There are 4 protein chains.
Amino acid sequence: MPDEDQRPPERARRLPRAVRERQILDAAVQVFSQHGYHSASMDEISEVAGVSKPMIYTYLGSKEDLFGKSIQREATRLLEAIQAGVQPDLPPDMQLWHGLRSFYRFVAEYRESWTVLHRQALTVGGGFAAEITAMRTRAIELVAALVVAAGTRKGLGEQTEFSGPGLAAALVGAAESLADWALDHPEISDGVLASWLMNLVWLGFNDLVEGQVWKPSEG
Amino acid sequence: MPDEDQRPPERARRLPRAVRERQILDAAVQVFSQHGYHSASMDEISEVAGVSKPMIYTYLGSKEDLFGKSIQREATRLLEAIQAGVQPDLPPDMQLWHGLRSFYRFVAEYRESWTVLHRQALTVGGGFAAEITAMRTRAIELVAALVVAAGTRKGLGEQTEFSGPGLAAALVGAAESLADWALDHPEISDGVLASWLMNLVWLGFNDLVEGQVWKPSEG
Amino acid sequence: MPDEDQRPPERARRLPRAVRERQILDAAVQVFSQHGYHSASMDEISEVAGVSKPMIYTYLGSKEDLFGKSIQREATRLLEAIQAGVQPDLPPDMQLWHGLRSFYRFVAEYRESWTVLHRQALTVGGGFAAEITAMRTRAIELVAALVVAAGTRKGLGEQTEFSGPGLAAALVGAAESLADWALDHPEISDGVLASWLMNLVWLGFNDLVEGQVWKPSEG
Amino acid sequence: MPDEDQRPPERARRLPRAVRERQILDAAVQVFSQHGYHSASMDEISEVAGVSKPMIYTYLGSKEDLFGKSIQREATRLLEAIQAGVQPDLPPDMQLWHGLRSFYRFVAEYRESWTVLHRQALTVGGGFAAEITAMRTRAIELVAALVVAAGTRKGLGEQTEFSGPGLAAALVGAAESLADWALDHPEISDGVLASWLMNLVWLGFNDLVEGQVWKPSEG
DNA sequence: AATGAATGAGAGTTCATTCAT
DNA sequence: GATGAATGAACTCTCATTCAT
């Protein structure tokens, strides 16, 4: 009877701290994304992580801390994934297109990451909602800057400066909503998703800055 | 039996059930919208409603029941508000425009209703998310039908049948996101909000069905 | 089978809040005095009180709150017991004597109260130690004032002003220590205990102010 | 085996067991005296000692063991300090005076030792309270023996045999309480402290055995 | 000899929910 | 019809203690 599968029933072997922390964060993201912050229990997270509860507290702090660190890690992942897909020397529409493709690729590959960031992060009352909101606000401002810049180039500065932020919020919402929709339609590739949004949004905006304006034909 | 001063000592007067139920639902919507489902406590709801806790259970059932009924009432309100603003014999773009104006008017007037529907309803793990999602899905399908119908009229049936649902999801997301943004910018009127969205989205879509297509200029 | 002892096994019948609060405080004093603050568990207190834990939290707050309120009630009892025994129009020594008798009577009758006040109240790190210490300090200052006053009357003002506070601390400690000793000797009456202390302390002090001073007879 | 630089990388050098034990006990006394038994954590003790937790368990056993050994060491120190100051061939009052001076000198120099012995040792429910109490009882008996002996020499045997133990308890309490008071008044020398107590207590007792008795002047 | 890694057990606290009046 | 009184059950978090290296 050599060293077969006779080891103790897979009970937590000694692993370096970094490895454990990753395991715990993985489990946390999974459980938080499934149940949301409040319904997730530290018991379940510890079970999924294959680790006892005290380890979580020792390594990553309170439930709130754990949630914050989960959010932070996934947000970083998402941003890095998008940045990795964007080449800064391309024209704006190409940058946006590449960014969107990377975004939808990420969402497809890391559903749980996206779920935690998009849906669960808002349910906590504390500073996390603020943090996430701040991140989203930054994204919106980025898009708004694009909008205003483009509008200015077309000589429509004043108008787009006024409507820019609102439009940017709408665009970001459209991208997010499409991402959610795509979760239920995995057969649609990230290229197609990005194209849809570009057609909808870029052409639409394009026309807008060309001077075309939709007006209600009656009261 | 005249209206003497013979009433019980001014506390908890006998009120018809319907009135009590409305009081309770009002309180529930308020508290749920402020704190979210999980952080809302039955104690606070009963306090805000001016009614003892057992009454809530007698009249409206468990916390989950109460939340469901709150959601349902607000959703009905929202739908009725939108339908009241739309005249079915107008062309599609006008219908959408009027619908959007009604929507933004409602959001401005009943912040709490919108908050509960949009933000808090997703945080519950049980059947409510499903219920809300279903309602949203219905909205998306409605928009999708518009998209497909318009596309078909332009002879682009196959293409829009394929992309229609996704686009519709994006549009709905854009409208919602702009609604959230508008909560922080009450100086923007519902007409302006709706116009922005129409310009962005309808013109964009218009071009799309006119045959204009954005294509990536390189890999 | 009439209404014998057939009632449900003595399970918490509805009682007015005030009664329950007293029950809980009684139990708290008992358990705190037995095990000390840290080792006392809310579970045991609730068991002894014949009440579920949530009631304690509803009526009296956290463990620390409960401890504080226990201390406060017992301290008040002790002070009232002492004040009730003292007649303010008697000469100082008689006042002290009556006060001591009341004190020892109280300790004998309410062992647990005394234990909580004397031994357990110091073990908590928070504000309770301060509160108790303050109370003790007030007692010491009172005695010190007596000492200084008596000394001044004898023309020894400067000397007793210097040594008064320390002497007072010693006297209070003597009284407390004798109280503890008396707990193991219930056959000694409060009158005897008070007399011992008076003889030891009053006469001693008396001689001191008469000018007699003990001096070391060599290095 | 010269003293090369071949030692393990400068952490936790091999030290003889006795040294390690002293380090740990020093840390334990310090932490116990600061936080009390319950609030002291093995983590903090190990940190202060500069030693890992398993070492503590290996060398000194459980937390209770550690506390017991801390108490024991400090008690021994105190007793030795007092005995060192007392010359057994002196008359009783001189013995007491020297003993008190040594006692107050010790308290001033080893505050933590005294704190652990006097305040923290009582807060534990187990056998330590007993151990400490026994030690204190021994001290009281010693003093009682002095009292009785002196009383007997004056021909008041019966009376002092009856009141001796109680008086001794009071004396010890006075000495302790004055020690606590002195912690906040370091400018008072041990000689002055001891003198105060001698004047208060010895003269008082002296008069007592001379036949003077304080009596209540009325009911 | 020495320790980082790991946990069992139990504490305080809160909340949705229900009785008895 | 209406409620103050009461609780079961669950959750987060901590700590003394030990294993495997």
Side-chain angles (χ1 to χ4, degrees), chain A residues 8 11-17 19-21 38-46 50-59 61-66, chain B residues 8 11-17 20 38-46 50-59 61-66, chain C residues 8 11-17 19-21 38-46 50-59 61-66, chain D residues 8 11-17 20 38-46 50-59 61-66:
Chain A
R11 261 186 59 147
R13 301 182 333 284
R14 298 305 156 99
L15 292 179
R17 174 168 181 153
V19 175
R20 284 284 185 232
E21 287 192 353
H38 286 102
S39 301
S41 82
M42 296 299 270
D43 267 304
E44 182 173 357
I45 293 174
S46 81
V51 154
S52 72
K53 261 188 300 178
M55 290 232 64
I56 303 183
Y57 285 90
T58 303
Y59 284 171
S62 73
K63 189 184 184 182
E64 224 174 290
D65 291 342
L66 180 58
Chain B
R11 55 172 240 183
R13 306 206 320 291
R14 305 291 171 94
L15 290 180
R17 173 160 183 159
R20 284 273 189 242
H38 286 101
S39 301
S41 81
M42 296 298 272
D43 268 301
E44 183 175 356
I45 293 174
S46 83
V51 156
S52 74
K53 268 190 294 178
M55 288 235 67
I56 302 182
Y57 284 89
T58 304
Y59 282 172
S62 72
K63 188 184 186 185
E64 243 181 81
D65 292 340
L66 180 58
Chain C
R11 259 188 61 148
R13 300 183 335 283
R14 298 303 157 99
L15 292 179
R17 175 168 180 151
V19 175
R20 285 284 186 232
E21 286 191 354
H38 286 102
S39 301
S41 83
M42 295 300 270
D43 267 303
E44 182 173 358
I45 292 174
S46 80
V51 153
S52 71
K53 261 189 300 177
M55 290 232 66
I56 303 183
Y57 285 90
T58 302
Y59 285 171
S62 72
K63 189 183 185 184
E64 224 174 288
D65 291 341
L66 179 59
Chain D
R11 54 173 239 183
R13 304 204 324 290
R14 307 293 172 91
L15 291 179
R17 173 158 182 158
R20 284 274 188 242
H38 286 102
S39 301
S41 81
M42 296 298 271
D43 268 300
E44 183 173 357
I45 293 173
S46 82
V51 156
S52 73
K53 266 187 298 177
M55 287 236 67
I56 301 182
Y57 285 89
T58 303
Y59 282 171
S62 72
K63 189 184 184 184
E64 245 182 79
D65 292 341
L66 180 58

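The structure presented is a predicted model; accordingly, all values stated were derived computationally and were not measured. In what follows, every chain begins at residue 1, and chains take the letters A, B, ... in the order their sequences are listed.
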Taking atom [atom2] of [N] as reference, at what distance in whole Å does atom [atom1] of [X] sit?
| X | N | atom1 | atom2 | answer |
| --- | --- | --- | --- | --- |
| D:D43 | F:dT18 | CG | P | 15 Å |
| C:E44 | E:dG12 | CD | P | 11 Å |
| B:L15 | F:dG1 | CG | C1' | 10 Å |
| D:H38 | F:dA16 | NE2 | C1' | 12 Å |
| A:I45 | F:dC13 | CD1 | P | 11 Å |
| C:M42 | F:dT7 | CE | C1' | 15 Å |
| C:I56 | E:dA11 | CD1 | P | 14 Å |

Listed nucleotide nearest any side-chain atom of A:M55, set F:dT3, E:dA5, E:dA2:
E:dA5
Output the single nucleotide from F:dA2, E:dT18, F:dT12 whose closest atom is nearest the side chain of B:P54.
E:dT18
Can you tell me how far apart [atom1] ([X]) and [atom2] ([Y]) are? Round to the nearest 0.5 Å.
| X | Y | atom1 | atom2 | value |
| --- | --- | --- | --- | --- |
| A:I45 | A:S41 | CD1 | OG | 7.0 Å |
| B:T58 | B:R17 | OG1 | CZ | 8.0 Å |
| A:E21 | A:L66 | CD | CG | 10.5 Å |
| B:S52 | B:D43 | OG | CG | 11.0 Å |

Run through DNA chain E and report every stem of 3 or more consecutive Watson-Crick or G-U pairs, distances under 3.5 Å, ordered by first number.
E:2-21 with F:2-21
Which heavy atom of A:A40 sits nearest a heavy atom of A:K63, and at what distance?
O-NZ, 2.8 Å
Determine the minimum heavy-atom distance between A:M42 and A:S62, stating which atoms define it.
CE-C, 4.5 Å
E:dT3 base to D:K53 side chain: any donor-acceptor pair below 3.5 Å?
no
Please state whether the phosphate of E:dA6, meaning OP1 or OP2, lies under 4.0 angstrom from any side-chain nitrogen or oxygen of A:Y59.
yes
Respond yes when some side-chain nitrogen or oxygen of A:Y57 is under 4.0 Å from OP1 or OP2 of F:dT14, and no when none is.
no
For D:R17, report the nucleic acid contact type (base, sugar-phosphate, nothing); a contact means any heavy atom under 4.0 Å.
nothing
Under 4.0 angstrom, heavy atoms only, what part of the nucleic acid is D:S62 near: base, sugar-phosphate, or nothing?
sugar-phosphate
Closest to the 5' end of DNA chain E, once B:K63 and A:S52 are matched to their nearest nucleotides, is A:S52
